[in-house]
Number of protein chains: 2
Amino acid sequence: MKTGEALTIGQLAKAGGVRVQTVRYYERRRLLLPTSRLPSGYRLYGDEALKRLRFIKNAQALGFTLREIEGLLNLRVQSVNHCREVQTKASAKLATVEAKIRDLEALARALRTLIRSCRAGRPTDHCPILASLESSVLESGVEKCNGKKPNGGRGGKAGAKESTRRHKDRVART
Amino acid sequence: MKTGEALTIGQLAKAGGVRVQTVRYYERRRLLLPTSRLPSGYRLYGDEALKRLRFIKNAQALGFTLREIEGLLNLRVQSVNHCREVQTKASAKLATVEAKIRDLEALARALRTLIRSCRAGRPTDHCPILASLESSVLESGVEKCNGKKPNGGRGGKAGAKESTRRHKDRVART
DNA sequence: CTTGACCCTGTACCTTGGTAGAGGGTGTAC
DNA sequence: GTACACCCTCTACCAAGGTACAGGGTCAAG
């Protein structure tokens, strides 16, 4: 199966460290389209596809969802027209990325302290790294506020018992 | 419902920004146990529980799974006995945290470049940030190698067609 | 012209991390 | 003593991200 410079789906998957089905799954999600197809229907991929695949995998490991990754991959300056929009999105992404870096640095410091304690034979707190991520800059919801809360499919029947939070908080704490 | 210094599950959930059911889910996963219970069965939580809850949420946003978070929370120097083990685990965690930081910094740089291009009215590449996470230090699989591949439940019937990768890679690439 | 290792579509299933509801008990204020 | 806003357990369901066949076609090598 000579494909010249192009990769078949199997070769791409292997190079990217994922399954063939995963590549097809990404195609369904419109994240990674084949460059072309053979008359037989076989998918062919160029070099860029491998970069995209690796980007996706790495971004996932950094806590981005596929939806967010799609947004990242579509960030580019096409024309001056919607430049403003791209800039806004990119700035927002940058802010969450920087917040993640700060949190990870706090965690890294805590781990280093723990390792030092270890080396010194000094017993630690119940859970020494707990405080490192205690109150993050992330607020872990920056991205999700684009309307459309999930709710599932079974349709809200009204009168939900738990889950609604219209309550009074009248506990004493004497 | 006077509980002194303790929090009920509803108060804890609200303070942590999650649902009551999520707290109970974490309890099932042994990530967050109640400090005590009232005779009625009501769960009560101390201050530490809130810290744990926040830690869990933040660590998730940083790309850690609940299983990994459990590992992080259990890292502590209890006795000199298994100190070696803790140190090994902590070092491994530190390495993945540092790799994540490096990747995020590359992504941040790419985003800043993109924003500058935007500001300059200069059109960009097809996807300017692609290269930032091209070949990460992460290898996004450091954690998963603790035996037991999933496989599901339906049991491998043998002779799987796709999914096994015993193949020859004989494409020409002339 | 067959064999073996690919590839295709389609559909069903899996794991992770939650959510929701049924059915019923608890706690305090009026 | 009865509202009302909690709380309990148990079970079913959901969305995201994959995984796994089934059933069938394709492509080089021998």
Residue list, side chain to side chain donor-acceptor pair (under 3.5 Å) with B:R30, at least two apart or on another chain
none

Show me, pair by pair, the donor-acceptor contacts under 3.5 angstrom made by side chains of residues 104-113 of chain A, not counting sequence neighbours?
residue : atom : partner : partner atom : Å
A:R112  : NH1  : B:E98   : OE2          : 2.7
A:T113  : OG1  : A:R109  : O            : 3.0

Are any of B:Y25's side-chain N or O atoms less than 4.0 Å away from OP1 or OP2 of C:dT16?
no

Starting at CD of A:Q21 and ending at P of C:dC8, how long is that distance when rounded to a whole Å?
11 Å

Answer with yes or no whether A:Y42 presents, from its side chain, a donor or acceptor under 3.5 Å of a partner atom in the base of D:dG25.
yes

Starting at CZ of B:R67 and ending at C1' of C:dT16, how long is that distance when rounded to a whole Å?
10 Å

Close side-chain approach of A:Y25 to A:L66, heavy-atom, < 4.5 Å:
yes

Separation of A:E27 atom CD from C:dC7 atom P, in whole Å?
13 Å

Report the distance from atom CZ of A:F64 to atom C1' of D:dA16, rounded to the nearest whole Å.
17 Å

Whole angstroms only, please: what is the CZ-P distance between B:R19 and D:dC7?
14 Å

In whole angstroms, the gap separating P of C:dA5 from CD of A:Q11 amounts to 16 Å

Both B:P39 and B:Q60 contact DNA chain C. Taking the nearest nucleotide for each, which residue is further toward the 5' end?
B:Q60

Assign each of A:R28 and A:Y45 to its nearest nucleotide of DNA chain C by heavy atoms, then name whichever residue's nucleotide is nearer the 5' end.
A:Y45

Quick one: do A:E68 and A:K100 satisfy salt bridge (Lys or Arg N to Asp or Glu O under 4.0 Å)? Show the steps, please.
CA-CA 15 Å; A:E68 291 169 325; A:K100 283 185 193 218; 5.5 Å; no

Distance check needed: D:dC8 C1' versus B:R43 CZ, whole Å only.
7 Å

Ignoring backbone atoms, establish whether B:S40 has a side-chain N or O less than 4.0 Å from OP1 or OP2 of D:dC7.
no

note: A:L38, atom CG; D:dT26, atom P; distance rounded to Å ~ 11 Å

May I ask you to verify if any side-chain N or O of A:R29 is less than 4.0 angstrom from the OP1 or OP2 atom of D:dG17?
yes

Presence of A:T22 side-chain N/O under 4.0 Å of D:dT19 phosphate oxygens OP1/OP2:
yes

Any B:R37 side-chain N or O less than 4.0 Å from OP1/OP2 of D:dT9:
yes

Would you check if B:R43 and B:T8 make a side-chain contact, meaning some heavy-atom pair closer than 4.5 Å?
no

